[in-house]
Number of protein chains: 2
Amino acid sequence: MSDPALPYRPHDHDACVAQALADARSICKAHNARLTPIRERVLELIWQSHQPLGAYELLAALANDGRNAAPPTVYRALDFLQQYGLVHRIASLNAFIGCAHAGACHTSLFLICRHCRNTLEISSSTVSAAVTQTAQAHRFVAEEAIMEITGQCPGCSPEHETQPHD
Amino acid sequence: MSDPALPYRPHDHDACVAQALADARSICKAHNARLTPIRERVLELIWQSHQPLGAYELLAALANDGRNAAPPTVYRALDFLQQYGLVHRIASLNAFIGCAHAGACHTSLFLICRHCRNTLEISSSTVSAAVTQTAQAHRFVAEEAIMEITGQCPGCSPEHETQPHD
DNA sequence: CGGCGGATGTTATAATGTTGCAAACATTGA
DNA sequence: TCAATGTTTGCAACATTATAACATCCGCCG
Ligand SMILES: [Zn+2]
Ligand SMILES: [Zn+2]
Ligand SMILES: [Zn+2]
Ligand SMILES: [Zn+2]
């Protein structure tokens, strides 16, 4: 599993990606689902980027691989990956990011830096409890929650006067 | 101001719309902004619907008015209305809804019924405090929050065995 | 009047996402 | 092995959502 304890910090991202792919293979195996080359490659491309990737960026990357891909190819792979909880869609960006807690049941909150676009997935029990409670107070049966916070990450925050990282 | 104390309940929605328009006029006046006929009509159309409306649905409604409208017309009106906090965009639906707390600074959470599509805007201090706290814990400067909860409203919830309302 | 700026009209195009069908491929069981 | 079956991919067309660029109109001020 990737290390959510080191947000926004430089780290051995190749290892991070490799781990995510290994996790994905094991999750798919457990569900008897086929992590085909295309699906695995899409997941890898998503993980290699710290910023959420759009479907058409993925498409371009696949074309770059020499692969013959059309929009449905990428959307189908993304559907599959979302279905097994391996990626999340960021609605405010029309883009996709690897799930940092794949395999675990979780409600996520995303911190999206509007400067460097780095996006951190957080599973906050405080927030999800507050949301659940609020929904219940309105007798609403919550099924899915989208929580996307846009702002500035520590590396891009003006008060620190540091270089934005990428 | 519309009455958020009566979510999902039948009510005098014409009065509700009239009030929202009156509020909008006063807010625009205070900001020296021009609530032109198109802008006001778009806001009215949005308010008349309990479900969030898509830009092209608004476009069709304007065409129905006999007005000669193209996409930029509607998107410009929506930009204006968003700028003055009169409508919100629901990212997960690519649609727009009237703000239930126009004029007040607020962070909103939306409860979206996947059955009847009715959408309730809630300003929960518990949730926003939890979000702020979580962001701060990651040294993230939060600027904007999108919180959209999809599920079933009381009228559509199966346990109540009632008719879904619309 | 004449210039200025904001608002709208108009056309075209970009960006994102879907449908439907056929070919290729994997899996299973005779 | 080989046909039967279901899944995945290729492919073409299309649908939906959003923006760019430029012309025109309209109210306002001097
Ligand atoms: Zn996740
Ligand atoms: Zn940043
Ligand atoms: Zn609001
Ligand atoms: Zn409902």
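As a basis for the values below, the full set of heavy atoms in this structure was taken, side chains included, without hydrogen atoms, waters or symmetry mates. In what follows, chains are A, B, ... by sequence order, proteins preceding strands, each numbered from 1. All values derive from a computational prediction rather than experimental measurement.
- Put simply, the side chain of S108(A) reaches to within 4.5 Å of the side chain of H88(A), judged on heavy atoms.
- Straight-line distance from the CG atom of L35(B) to the P atom of dT8(C): 10 Å, rounded to whole Å.
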Check nucleotides 11-17 of chain D against the protein and report each pair of N or O atoms closer than 3.5 Å, with its distance, or say if there are none.
| residue | atom | partner | partner atom | Å |
| --- | --- | --- | --- | --- |
| dC11(D) | OP2 | N68(A) | OD1 | 3.2 |
| dC11(D) | OP2 | N68(A) | ND2 | 2.6 |

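- When the P atom of dT10(C) is taken as reference, atom CZ of R67(B) falls 12 Å away, rounded to whole Å.
- In this entry the distance linking CD1 of I38(B) with P of dC25(D) reads 15 Å, nearest Å.
- For the pair I112(B)/N118(B), no side-chain contact is recorded, criterion being any heavy-atom separation below 4.5 Å from C-beta on.
- Between the side chain of Q19(B) and the backbone N or O of C16(B) there is no donor-acceptor pair closer than 3.5 Å.
- Atoms CG (L78(B)) and C1' (dT8(C)) sit 15 Å apart, rounded to a whole Å.
- For the pair H106(B)/C99(B), a side-chain contact is recorded, criterion being any heavy-atom separation below 4.5 Å from C-beta on.
- The aromatic rings of H13(A) and H11(A) lie perpendicular to each other, with more than 60° between the two planes, well past the 30° mark.
- One atom, CG of D79(A), and another, P of dT16(C), lie 17 Å apart when rounded to the nearest Å.
- If you take OH of Y84(A) and P of dT7(D), they are 11 Å apart, rounded to a whole angstrom.
- Atom CG of N32(B) and atom P of dG27(D) are 17 Å apart (whole Å).
- Contact between the side-chain N/O atoms of R34(A) and the OP1/OP2 oxygens of dC25(C) is not found at any separation under 4.0 Å.
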List the steps and the verdict of side chain to side chain donor-acceptor pair (under 3.5 Å) for T150(A) and E144(B).
CA-CA 5 Å; T150(A) 301; E144(B) 228 184 303; over 6 Å; no
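- Rounded to an integer number of Å, the gap from CG of D65(A) to P of dT9(D) is 14 Å.
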